[in-house]
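Following: one structure in structure tokens, then a few remarks.
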Amino acid sequence: MCDKFPFINRYIDIDSGNQLKLSMAISICFAILLLMSRISYAYECNYTSIISFGNSLADTGNIKKLVAIHHSEPPHFLFPPYGETFFHKPTGRCSNGRLIIDFIAEGLGLPLIPPYVGDKSNLKKKEVRQGVNYAVAGATALSSSFHEARGVSNPTTNASLQVQLKWFKQSICPTSSGTLTAHNDCSLPDSIYTNFSPVDCQHLLQHSLILMGEIGGNDYNHELRAGKPINEVKSFVPLVIKTIIAAVNEVIKLGAKTIIVPGNFPIGCSSSYLAMYNNSDTKMYDNKTGCIIWLNKFAEYHNQLLQRELEKIRKLNYHHVNIIYADYYNAAMQLYRSPKEFGFLNGALKACCGAGGPYNFNKTVECGTASSTTCADPDTYVSWDGVHLTEAAYRLIYRSLFKGSYTMPRFNSLCRS
């Protein structure tokens, strides 16, 4: 066992029967091996890039570029006041400023993660090694065809999780033949192609933090907003979870070592749903938060199934892989239970940007349109536009997740200082 350390041999004198020297040698050998394992463990946590999949909770500009490429009608979140707090202009982020993924990058000492869709000539291979974001606002876990067969269309994008994975493999992880495979549903005229080799791909993934979501929330949002009953929507939650788990397994097979999989937010606290299901029946609402009970129970159901399946992955001989569940639900619930304690003096349920009503949300007058109004101090609100949160809320949720106890296992316990 200690043959790797020949300098230890001078401590060993078996012929002389010196058991003390033998004991010392063994102790030194184990100490060195332990030290090496800790160094190796710390090295694995020294992430050099972030690779992200998901929806508007993580999109840093893909939807903006897609709209330009396809000459589509720009959605409301591509106009001011989006981005006003930090970037001072709309970037495609669905908030007034930074998102959780931006705070993760800053916390790891990395630049903000660029969107996949863009001018490939402006993004060098070296920069790609610091991360790529494949998340698209409005994206679903299941394919658009699944929802269309149910009579529900996605008004924003068809870039489902499977499409994002195809983008990822096109741009970073080539096919077994070493060439890029064209896909009619996801090839783009302006996108990142690095010509990475399989070894490059594996090396990048081994040193990357993979953010798999949040994804799945829009599978439910699009259906519920189309008027589908909750029992119908609940029936395909297992299929959503299966799709997420398949994506996790796929990136593991390609070489990923650390994958963070977020759960769903407490959607019963969303201003848009509170306005949509506004009801005089007080039993429908949580007394402490004012959130809709049955919607939050639905979100918890999704999260429970997701955690159960993630645990199965952990047991499938993936002892060398960190599978981390990010508890978005409870990290956010802190803010809804005690908003003023966290500095949200204008509460948690009323949107900063909107068009009036008890929750300042009107689906016919969205934030960013001419008739909407914006609050003077977004940092005192949890909700930004009735669907997404403010930068201040995302910052606190990030801290609870990555500096606190709302990841399982705890993210800040993976790397020893």
Side-chain angles (χ1 to χ4, degrees), residues 33-54 57-58 100-110 113 129-135 161 164-165 168 172-173 200-216 241-264 303-331 397-417:
L33 288 172
L34 180 60
L35 178 61
M36 288 182 68
S37 68
R38 289 187 176 184
I39 292 172
S40 174
Y41 193 81
Y43 180 72
E44 289 177 0
C45 292
N46 185 22
Y47 306 110
T48 58
S49 69
I50 298 172
I51 296 173
S52 172
F53 305 91
L57 298 180
I100 292 173
I101 186 174
D102 296 314
F103 291 114
I104 296 173
E106 290 178 359
L108 294 176
L110 296 171
I113 308 306
R129 291 186 184 278
Q130 294 180 321
V132 183
N133 191 349
Y134 299 91
L161 180 56
Q164 293 175 34
L165 283 169
F168 164 68
I172 292 178
C173 288
D200 287 332
C201 167
Q202 187 176 47
H203 185 269
L204 178 66
L205 289 178
Q206 286 175 346
H207 297 83
S208 295
L209 184 67
I210 312 298
L211 188 62
M212 188 62 70
E214 193 274 333
I215 191 76
I241 301 301
K242 182 179 179 181
T243 303
I244 297 170
I245 294 301
V248 172
N249 281 321
E250 190 161 356
V251 295
I252 289 174
K253 289 176 183 177
L254 290 169
K257 296 296 183 184
T258 303
I259 304 102
I260 295 178
V261 188
N264 207 339
N303 294 341
Q304 288 165 1
L305 290 190
L306 179 60
Q307 290 180 77
R308 186 184 307 163
E309 294 305 312
L310 290 176
E311 185 57 32
K312 290 179 182 179
I313 296 180
R314 292 188 186 104
K315 293 178 179 178
L316 290 176
N317 300 316
Y318 286 143
H319 58 277
H320 60 291
V321 178
N322 293 314
I323 306 292
I324 303 168
Y325 172 72
D327 190 358
Y328 278 20
Y329 184 97
N330 285 303
I397 291 169
Y398 156 76
R399 289 175 181 170
S400 295
L401 292 164
F402 293 92
K403 305 291 184 182
S405 59
Y406 287 90
T407 53
M408 292 170 276
R410 289 179 63 162
F411 181 81
N412 58 6
S413 70
L414 293 179
C415 306
R416 294 180 174 88
S417 58

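Starting from 1, each residue takes its place in the sequence as its number.
Tested against Ile324, the residues Ile259, Thr407, Val261 include a single side chain to side chain contact (heavy atoms under 4.5 Å, CB included) partner, Thr407. Considering Leu211, Val251, Leu205 in turn, Leu205 is the only one that fulfils the side chain to side chain contact (heavy atoms under 4.5 Å, CB included) rule with Ile51. Ser52 pairs with exactly one of Ile101, Ile113, Leu57 by the side chain to side chain contact (heavy atoms under 4.5 Å, CB included) rule, that one being Ile101.
Note: Lys403 NZ to Arg410 CZ = 12.0 Å, rounded to the nearest 0.5 Å. In this structure, OH on Tyr406 lies 6.0 Å from CG on Asn330, to the nearest 0.5 angstrom. Remark: Asn249 CG to Leu316 CG distance equals 7.5 Å, nearest 0.5 Å. The NZ atom of Lys242 sits 15.5 Å away from atom CG of Leu306, with the distance rounded to the nearest 0.5 Å. Distance check: Gln304 CD to Tyr329 OH gives 9.5 Å after rounding to the nearest 0.5 Å. Within the model, atoms NZ of Lys257 and CD of Gln202 stand 7.5 Å from one another, a figure rounded to the nearest 0.5 Å.
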Legend entry - Evaluation steps, side-chain hydrogen bond (donor to acceptor under 3.5 Å, both in side chains), between Thr258 and Tyr47: CA-CA 9 Å; Thr258 303; Tyr47 306 110; 3.1 Å; yes
Legend entry - Worked verdict on Glu250 versus Lys253 for salt bridge (charged side-chain N to carboxylate O under 4.0 Å, His left out): CA-CA 5 Å; Glu250 190 161 356; Lys253 289 176 183 177; over 6 Å; no
Legend entry - Trace of the side chain to side chain contact (heavy atoms under 4.5 Å, CB included) decision for Tyr325 with Ile260: CA-CA 6 Å; Tyr325 172 72; Ile260 295 178; over 6 Å; no
Inset, instruction - Dump the intermediate steps for salt bridge (charged side-chain N to carboxylate O under 4.0 Å, His left out) on Glu309 and Lys312, then the final yes or no. - result: CA-CA 5 Å; Glu309 294 305 312; Lys312 290 179 182 179; 3.1 Å; yes
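Looking at every heavy atom in both residues, Ser49 comes nearest to Leu204 through OG-CD1, 3.5 Å. Across every non-hydrogen atom of Ala247 and Leu165, the tightest pair is CB-CD1, 3.6 Å. When all heavy atoms are compared, the tightest approach of Gln130 to Leu110 is O-CD1, 4.4 Å. Ile397 approaches Ala331 most closely through the heavy-atom pair CG2-CB, 4.0 Å. Across Phe402 and Ile100, no two heavy atoms sit closer than the pair CE1-CG2, 4.3 Å. Minimum heavy-atom separation, Ala135 to Gln164: CA-OE1, 3.6 Å.
Between the side chain of Asp327 and the backbone N or O of Gly263, no donor-acceptor pair lies under 3.5 Å. For the pair Arg314 (side chain) and Ile323 (backbone), a donor-acceptor distance under 3.5 Å is present.
The shortest distance between side-chain heavy atoms of Asn303 and Gln307 falls below 4.5 Å. Residues Leu108 and Phe103 have side chains not in contact (no heavy-atom distance under 4.5 Å, counting atoms from C-beta outward).
Classification of the Phe168-Phe53 ring pair by plane angle, with boundaries at 30° and 60°, yields perpendicular.
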